[in-house]
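Okay, so here's the structure we're looking at.
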Amino acid sequence: MTARNGDGSTPIVYVEELSGHVGEGVVIRGWVAGTRSSGKIKFLIVRDGTGLVQGVVTPSADKETFRLAEELPLEAAVKVKGTVSADDRAPGGVELAVEHVTPVHIPNEEYPIAPKEHGVGFLMQRRHLWIRGQKQMPLLRLRDGALWAMRAFFKERRFIATEAPILVSTSVEGTTTLFTVDYFGRPAYLSQSGQLYLEATCAALGKAYWIGPVFRAEKSKTRRHLTEFWMLEAEMAYLEHEENLQLQEDLVRHVVEYVTQEHRRELEVLGRDPQVLMDEVEGPFARVSYADAVEIVRSAGVEMEYGQDLGAPAEDALSEHFRRPVFVERFPVSIKPFYMKRCADEPGVALCADLIAPEGYGEIIGGSQRVDDQQELEKQLREAGLAEEPYQWYVDLRRWGSVPHSGFGLGVERTVAWLSGIHHLRETIPFPRMIDRLDP
RNA sequence: UCCCCGGUAGCUCAACAGGCAGAGCGGCUGGCUGUUAACCAGUAGGCUGGAGGUUCGAAUCCUCCCCGGGGAGCCA
C-alpha cells in the first residue's frame with residue numbers, strides 16, 4: 001500500500017525506497033539534517049529515519065519554497081515534494097529535485113547538536129536528540145537487525161519465546177549487587193537474570209528463550225558495563241554441555257550472517273567491514289580450558305593467578321591470541337554460580353563455558369549445564385552460602401522429572417558493539433543506564 | 001569503591017615559567033547555480049565549574065566541594 005499526499009496524487013515514500021522511484025514525483029516526510037547554499041541553488045539534506053537524501057532547490061521551485069530552503073534551521077520538520085533523480089554526485093545515488101517544501105514545525109531555537117565535534121558528556125546529556133545523529137541512527141537499526149536475527153534463529157529451531165519476571169525476591173547468583181525496590185512494604189529486587197525461571201519454563205516447554213532487561217547495581221564504570229542491559233537467555237531440556245556450545249555457536253554465526261547480509265548499509269556508515277566479521281565466524285569457534293587460558297594470558301604478559309576470574313586485560317589477551325570467538329571452558333567452581341553442574345572427571349571445575357568475542361569486545365555469552373540432582377543442588381546452595389528457603393521452588397524442579405539441561409545468556413549490547421565495531425556499550429542502546437546516568 | 005585525566009564563548013580547544021582571555025566551528029548579516037563537515041567577507045558572543053587561600057597581580061599555584069571523561073575490580 002502506498003500512502004498518498006494531501007492532493008491525492010503524489011505518493012509518500014521513505015528515503016530507503018527512493019531508488020525505486022527514479023523519474024517520479026514523491027513526497028518525503030522528515031527532518032532537516034543540513035542545509036547548504038550556493039546562491040541561486042540550495043541544498044537541503046532531509047532524513048526520515050530510513051536514510052538521508054539531498055534535496056536540490058533551484059528557482060524553478062515556488063518562491064516560498066526557495067526562500068524557506070535558505071531559512072530552515074536544523075531539525076525543522078518538513079514534507080518535501082519533488083522528483084527523484086539518479087545522480088552520481090549524490091551519496092546513495094539519488095537526490096530529489098524539490099518542487100515544494102511544506103513546513104510542519106520550524107524550531108525557534110538553535111539545535112544544540114551541531115554537525116561538528118562534541119564531547120561524550122555533552123552528547124549523553126542530550127541523548128534524546130543524539131539518537132537522531134547520522135551514526136546513532138544506523139546503530140539502532142543494526143541493533144534491531146541483531147535482535148530480529150536472534151528471534152528468527154530460535155523460531156526456526158522451535159524454541160518458545162517466553163518471559164521471566166523483572167521483580168524478584170531473590171538473587172540468581174548471590175554475589176551480584178541488586179537494585180532494591182519497595183514492594184508493598186517488603187524488599188524486592190530488579191532481576192539480574194531470568195535464568196532460574198527459564199529453567200522452570202524449559203521443563204514445561206522443552207525449549208525456551210527470552211529477551212529482556214536485566215539489572216546490575218555494580219558500580220562499574222567502564223565501556224563494557226551498563227546497569228540496565230538486555231539479555232537473551234535460552235534454556236533447553238535434555239541439552240548437554242557439548243550441544244549447548246554448538247547451539248551458541250550456531251546462534252552467533254547466524255546473527256553475523258544475517259547482519260552482514262541485511263545491514264551492509266548500516267555497517268558501511270559505521271565504518272565496519274562486514275568481511276572482518278564473516279572471517280571471524282568462518283570455521284569452528286576456538287575452544288580452550290580455563291587452565292590453558294590462564295597460561296595463554298600469562299604468556300601474553302598479563303598477570304593472573306589460577307582461580308581468578310578473567311579480567312578485561314585477560315579477555316583482550318585471549319581475543320588477540322585466537323582472533324575469533326573463543327569458548328573458555330571448565331572454570332573453577334569457586335568463581336562460578338551455584339547452579340552449574342560440575343565436570344564428572346574433575347569436580348573442582350564447572351561444566352560451563354564463556355564465549356569471548358574477538359577484537360576485545362569481551363565476554364558476550366556465559367553458559368553452562370545446570371545441576372540436575374536435588375542433593376547436589378542443595379549442597380551447592382549451602383556451599384555458596386545462600387539461604388535455601390527462597391530457592392525451594394527452584395529445588396522443586398529437581399524433585400519431579402529432573403533431566404539434564406543447559407542454557408546460556410547472551411549480552412545484547414556487547415554483541416551489538418562487536419557487530420558494529422562501536423567502542424562503548426552506551427551507544428548500542430537508545431537510553432543507556434550507567435552509574436552516573438539516569439537521564440534522559 | 002579505588003586510581004588517572006579534565007572543567008575557559010553555544011561546541012571543540014589554545015593561552016610558555018603567575019602579567020591585556022584567543023582561535024576554529026556553530027549563530028547572525030551579506031556574496032556565490034552543484035554543494036558534500038562547501039567556500040568568501042563581516043559581526044555578536046566570557047563572573048575561565050563553585051567556595052576559600054597564597055600573591056602587587058590567578059584561567060594558571062594550594063585546599064575543599066561539585067560535575068564530566070578514561071580505567072580497575074565485578075560481570076553480559
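Chain letters run A, B, ... following the sequence lines, proteins first and then strands; every chain starts at 1.
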Identified stems (criterion: three or more consecutive Watson-Crick or G-U pairs, under 3.5 Å), RNA chain B: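 Stem list for RNA chain B: B:1-7 with B:66-72, B:10-13 with B:22-25, B:27-31 with B:39-43, B:49-53 with B:61-65.
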Ion pair check, A:Glu383 and A:Lys379, cut-off under 4.0 Å: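 Salt bridge present between A:Glu383 and A:Lys379.
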Plane angle bin for A:Tyr394 and A:Tyr391 - parallel if under 30°, tilted between 30 and 60°, otherwise perpendicular: perpendicular
Under 3.5 Å, N/O pairs linking protein and nucleotides 39-45 of chain B:
none

With the criterion being N/O to N/O and under 3.5 Å, what pairs connect the protein with nucleotides 9-13 of chain B, and how long is each?
| from | atom 1 | to | atom 2 | distance (Å) |
| --- | --- | --- | --- | --- |
| B:C11 | O2' | A:Glu117 | O | 2.7 |
| B:C11 | O2' | A:His118 | ND1 | 2.8 |
| B:U12 | OP1 | A:Gly119 | N | 2.7 |
| B:U12 | O2' | A:Glu117 | OE1 | 2.7 |

Side-chain N or O of A:Arg223 closer than 4.0 Å to phosphate OP1/OP2 of B:G71: yes
Touch class at under 4.0 angstrom, heavy-atom based, for A:Glu109 against every strand present: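 Touches nothing.
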Touch class at under 4.0 angstrom, heavy-atom based, for A:Leu425 against every strand present: base
Separation of atom NZ in A:Lys336 from atom C1' in B:C74, rounded to whole Å: 12 Å
Below 3.5 Å is the cut-off: list the nitrogen or oxygen pairs between protein and nucleotides 1-3 of chain B, distance only.
| from | atom 1 | to | atom 2 | distance (Å) |
| --- | --- | --- | --- | --- |
| B:U1 | OP1 | A:Lys219 | NZ | 2.5 |
| B:U1 | O4 | A:Lys219 | O | 2.6 |

Contact list for residues 406-417 of chain A, test side-chain hydrogen bond (donor to acceptor under 3.5 Å, both in side chains), sequence neighbours left out: A:Arg143-A:Glu413
Sub-4.0 Å heavy-atom contacts from residues 347-364 of chain A onto RNA chain B, ordered by number: A:Glu363, A:Ile364
